[in-house]
Amino acid sequence: MSKKVLIGVAWPYVNGDIHVGHLGGYLLPADIVARFHRLKGDDVLMVSGSDCYGTPITVEADKKGLKPEEVVDMYHKKDLELFKMYGLDYNLYTKTTTQKHKEVVHEVFLKLLDNGYIEKGVMQQYYAIDDNQFLPDRYVEGTCPYCNAGNQRSDQCESCGRWLKDGELIDPVSKLTGSKVTLKDTEHYFLNFEKLESQLREYLDANKENWKKWVWNEANGWLKEGLQRRAITRDMDWSIDLPIEEIKKRDESKQLKDFAGKHIYVWFEAVIGYLSATRAWCEMEEGTSDTIFKRDEGQSRNWEDWWKSSDSVIYNFMGQDNLVFHALMWPGQLMGLDDGYQLPKFVVVNKFLNYEGKKFSKSRNWTIDSKVIAEKYGVDLVRYYIARNLPENKEGNFTWEDFVASVNNELVANLGNLVNRTLTFINSKFNGELESENFKPDMTLSQTALKLMIKTKAFLFFEGITEKERESGEKDMVYNPEINNWLGSEQFEYLNRFTELQNGSNGPWLVNALDTVMGYSRLANQYFDATKVWERVKEGKDGKDQAQEILLNLVNVLYDLSIIMYPFMPETSGKLLRMLGRETIKTEMGSDMWKSVFDEDCTRQLITHLKLSEVELLFDKLDPEKVLAEKDSTD
RNA sequence: CGCGGGGUGGAGCAGUGGUAGCUCGUCAGGCUCAUAACCUGAAGGUCGUGCGUUCGAAUCGUACCCCCGCAACCA
């Protein structure tokens, strides 16, 4: 039976364009891991959607003179197109404005209420007197009590940088109407995290080895500090309603005095999207125009298989600003349901990806349009560059100069060149066809090649080698089982790690995994040189037979590469496979493409016959001057 | 003393007690199948600073300096 893997990707706010930083922070890492699991034939469900409610949306709507719904529709549509373009392979990408989401949110709310984790409380909030409405902090401005600067936000004075507490702002007024604002008591529901603390402690301790160290430490820091109850309702119209009718059936002690204007706070509701989207996907027959939808043959349509089965694994991907919600709040919500829910096992958080050393900033026009860059340079180049710069441990940086260098010196020079030199060689010397019944796993390689491979750790190819022999590289060894033996044992430890996360590896470390792909390509280039295959073909029939075997070896490496690069560069993978005359990757459940490369039992079928399709360049070289001009255009 | 992360050759990063590594760049050489690509070799680091623990510290402790993130509805 296929393992169930649920990949929950943080829900992007639909108040602006998705830039390269979002891609690097969580969108692309999630997609890479999802594709990896699909290669292994796992039953993968990747869900996410647009986070549609809350103040950021209404702020953007005001700015554009639109209704919140219109802003949501506009950006949701744009995001859908962008994600399709980047090949982000969601099973369901939906939004939080759906009926299903609302239903599930209500269900969760009521369950937590009944279980005693939600309680009432009174807090103070800004209230516009003339307009008769509560205002979010963002909509209040006044004079800073410290530096007397006017027109400052209620939370921070931009002039002197001080943080302001509620009520400190002098002469606060509504940004919308100019109406005078005061602080007023307001009753809300709160989630009592204190009651969940010991369970959260257990949860963290159980996952110490599964999360990156800094992620765990940060979550641990929050928990040690002590979690306080947190408001889960607001006086804010652009939000999901409370299930008032249902609440009214409850005991009086659970009811607010006045439900008017009370809505569910976005932080509480958005994460429930993982659950609601799973359930929606299970019930859906097909996608709609405002979703990305995909279902493979044989995938389970019982949502509990992902959420309540012990052999399902849940991942969550997010940017660092979302850490506390995913590492503590959301697990807390699930615990409070007390209904056998699986908790996220891998909370995968990345830091931010900066742009030329500075934070991406829409307001300062310091941003790269994800769509434009992909159109110009190709999705896979961008995917590659982002993937190799993922801010897994510390902030990453996107620079145009580095982008060109990475593409030209790594992708083109190493991987692209390997493919091109191998395939054009086969074309010119063998008319694009190879066939060797003699191609067996026990072929003997040249001494030089041996030495090289031994040095580069490829010695794991060979059986019975001693440390001394390894150092000298002298032994005339036999090329043992297959290339994949080596793959399985050493190089692919990384790739294996990034999902299994065994041995306390605190991953996933996608950068390392990508490094492995490139390292494998580099090794093949060394092999090409060491075997001097271009000389072999000049040495009569024997030489040509040898060359054929060498090339078949290389072809098999290319096949491996096309598969292991797939999670990172799916388009390129398909392109390479087509050139090799192979089928492109199928990642249906149970297809187990991974096993065709990575298989401990070495049952893999080697390619012994080859008929090349038309050969083309895998990547085009970038013109540095043209690309560097991009930088100036954003200044 | 709010919480947390980081400071390792020109750049970007691995490395958490035992001869300082990788990718890119630089320099020299080789090769010519290949997108002036590939391969080999070399130069280049007192691992932020001081003190301490230890036979031994980039790695542990401590003090300090610098950069950054979060704490706010910025991914």
Side-chain angles (χ1 to χ4, degrees), chain A residues 10-13 15-16 18-27 51 53-59 136-139 153-156 163-164 212-222 224-225 234 236 265-267 317-324 349-354 359-363 388-389 391-397 399 401-402 405-406 408-414 416-429 448 452 455 509 511-512 514-515 518-519 522 524-537 547 551 554 617-622:
Chain A
W11 293 48
Y13 250 125
N15 64 334
I18 300 276
H19 56 62
V20 172
H22 298 96
L23 288 171
Y26 60 103
L27 299 170
D51 188 353
Y53 292 114
T55 327
I57 313 295
T58 55
V59 167
D137 297 342
R138 272 278 183 91
Y139 283 105
R153 282 166 32 189
S154 63
D155 49 359
Q156 182 189 17
W163 295 110
L164 309 181
K212 289 180 212 167
K213 275 185 187 158
W214 70 267
V215 172
W216 193 88
N217 284 343
E218 193 137 326
N220 190 45
W222 283 99
K224 269 199 306 204
E225 225 174 80
R234 292 226 94 182
M236 161 83 196
Y265 209 150
V266 63
W267 76 262
F317 287 84
M318 76 223 70
Q320 60 180 352
D321 58 320
N322 252 321
L323 188 151
V324 70
V349 192
N350 282 322
K351 304 231 167 188
F352 291 149
L353 187 63
N354 292 327
K359 273 178 95 163
F360 279 92
S361 165
K362 191 184 149 201
S363 55
R388 82 184 284 291
N389 283 294
E392 292 182 317
N393 263 339
K394 50 179 89 168
E395 297 202 338
N397 204 4
T399 72
E401 203 179 346
D402 193 43
S406 296
N408 286 352
N409 302 333
E410 296 168 22
L411 269 188
V412 175
N414 179 354
N417 180 50
L418 172 70
V419 171
N420 191 44
R421 74 197 292 208
T422 305
L423 300 189
T424 53
F425 193 80
I426 294 170
N427 261 344
S428 65
K429 310 294 180 194
T448 325
L452 281 171
K455 258 179 100 170
W509 303 112
V511 176
N512 283 351
L514 181 56
D515 228 35
M518 299 310 282
R522 194 170 302 112
N525 269 321
Q526 292 166 355
Y527 173 70
F528 201 115
D529 272 53
T531 55
K532 292 200 196 308
V533 62
W534 58 90
E535 285 181 11
R536 295 286 95 79
V537 292
L551 290 168
L554 284 164
L617 292 178
L618 211 52
F619 308 104
D620 290 315
K621 222 172 174 181
L622 297 179

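As a basis for the values below, the full set of heavy atoms in this structure was taken, side chains included, without hydrogen atoms, waters or symmetry mates. All of these numbers come straight from a predicted model, not from anything done at the bench.
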Determine: side-chain N/O of [X] to OP1/OP2 of [N], distance under 4.0 Å, yes or no.
| X | N | value |
| --- | --- | --- |
| A:N409 | B:rG25 | yes |
| A:Q320 | B:rG5 | no |
| A:K212 | B:rG4 | no |
| A:N217 | B:rG5 | yes |
| A:K621 | B:rA37 | yes |

When rounded to the nearest Å, what value does the distance between [atom1] atoms of [N] and [M] take?
| N | M | atom1 | result |
| --- | --- | --- | --- |
| B:rC60 | B:rG17 | P | 8 Å |
| B:rG7 | B:rA14 | P | 8 Å |
| B:rG5 | B:rA43 | C1' | 34 Å |
| B:rG15 | B:rC65 | C1' | 24 Å |
| B:rC66 | B:rA28 | C1' | 38 Å |
| B:rG48 | B:rA58 | P | 10 Å |

Side chain of [X] (C-beta onward), nearest among [options]:
| X | options | value |
| --- | --- | --- |
| A:R421 | B:rC73, B:rU32, B:rA34 | B:rA34 |
| A:E535 | B:rC70, B:rA37, B:rU32 | B:rU32 |
| A:Q526 | B:rC38, B:rC73, B:rU40 | B:rU40 |
| A:K359 | B:rA34, B:rC70, B:rC38 | B:rC70 |
| A:V412 | B:rC73, B:rC39, B:rU35 | B:rU35 |
| A:E218 | B:rU32, B:rG4, B:rC73 | B:rG4 |
| A:E395 | B:rC68, B:rC73, B:rU35 | B:rC68 |
| A:D529 | B:rC38, B:rU35, B:rC73 | B:rC38 |

Validation row: [X], [Y] side chains within 4.5 angstrom (heavy atoms):
| X | Y | result |
| --- | --- | --- |
| A:V349 | A:N322 | no |
| A:E392 | A:V215 | no |
| A:V266 | A:Y13 | yes |
| A:N397 | A:N389 | no |
| A:T422 | A:I426 | yes |
| A:R388 | A:E410 | yes |

Would you list the protein and nucleotides 21-23 of chain B atom pairs, both N or O, that sit under 3.5 Å from each other?
none

Exercise for review: List the atom of A:R421, the atom of A:T424, and the distance in Å for their closest heavy-atom pair.
Suggested key: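 Smallest interatomic distance, heavy atoms only, reads O-OG1, 3.5 Å.
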Name all residues meeting the ring-ring contact (aromatic ring centres under 6.0 Å, His included) criterion together with [X]; count only those two or more places apart in sequence or in a different chain, and write none if there are none.
| X | value |
| --- | --- |
| A:H19 | A:H22, A:F360 |
| A:F619 | none |
| A:F425 | none |

Could you state the [atom1]-[atom2] distance from [X] to [N], rounded to the nearest angstrom?
| X | N | atom1 | atom2 | result |
| --- | --- | --- | --- | --- |
| A:K532 | B:rC38 | NZ | C1' | 12 Å |
| A:Y265 | B:rC73 | OH | P | 5 Å |
| A:W214 | B:rC3 | CH2 | P | 18 Å |
| A:W222 | B:rC70 | CH2 | C1' | 6 Å |
| A:F352 | B:rG4 | CZ | P | 19 Å |
| A:N354 | B:rC13 | CG | P | 11 Å |
| A:F619 | B:rA34 | CZ | C1' | 15 Å |
| A:M518 | B:rC38 | CE | P | 10 Å |

Check your understanding: Would you say A:E401 has more than 12 foreign heavy atoms packed within less than 6.0 Å of its CD?
Key ->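 No, CD of A:E401 has 12 or fewer neighbouring heavy atoms, counting only those of other groups under 6.0 Å.
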Looking at every strand, decide which applies to [X] at a 4.0 Å heavy-atom threshold: base, sugar-phosphate, or nothing.
| X | answer |
| --- | --- |
| A:L423 | nothing |
| A:G416 | base |
| A:A405 | nothing |
| A:L618 | base |

Practice item. Assign each of A:K351 and A:G319 to its nearest nucleotide of RNA chain B by heavy atoms, then name whichever residue's nucleotide is nearer the 5' end. Key: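 Closer to the 5' end of RNA chain B: A:K351.
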**Study point:** Donor-acceptor pair under 3.5 Å, A:N417 side chain vs B:rA34 base
**Key:**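 Answer is yes: a donor-acceptor pair is held.
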**Study point:** Stacking of A:F528 on B:rC33 base (centres under 5.5 Å, planes under 30°)
**Key:**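 Yes, A:F528 stacks on the base of B:rC33, since the ring centres sit under 5.5 Å apart and the planes are within 30°.
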Review point. Is A:F425 stacked on the base of B:rC33, meaning ring centres closer than 5.5 Å and planes within 30 degrees of each other?
Key: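 According to the criterion (under 5.5 Å, under 30°), no, A:F425 does not stack.
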Revision key, fill the gap. Note, RNA chain B 5' to 3' with Watson-Crick or G-U pairs under 3.5 Å encoded as ( ), [ ], | and . gives .(((((((.[[[[.)..(..]]]].(((((.......))))).....[[[[[..)....]]]]])))))).....
**Study point:** side-chain hydrogen bond (donor to acceptor under 3.5 Å, both in side chains) involving A:N15 - partner list, sequence neighbours excluded
**Key:**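 If we apply the side-chain hydrogen bond (donor to acceptor under 3.5 Å, both in side chains) test to A:N15, skipping adjacent residues, there are no hits.
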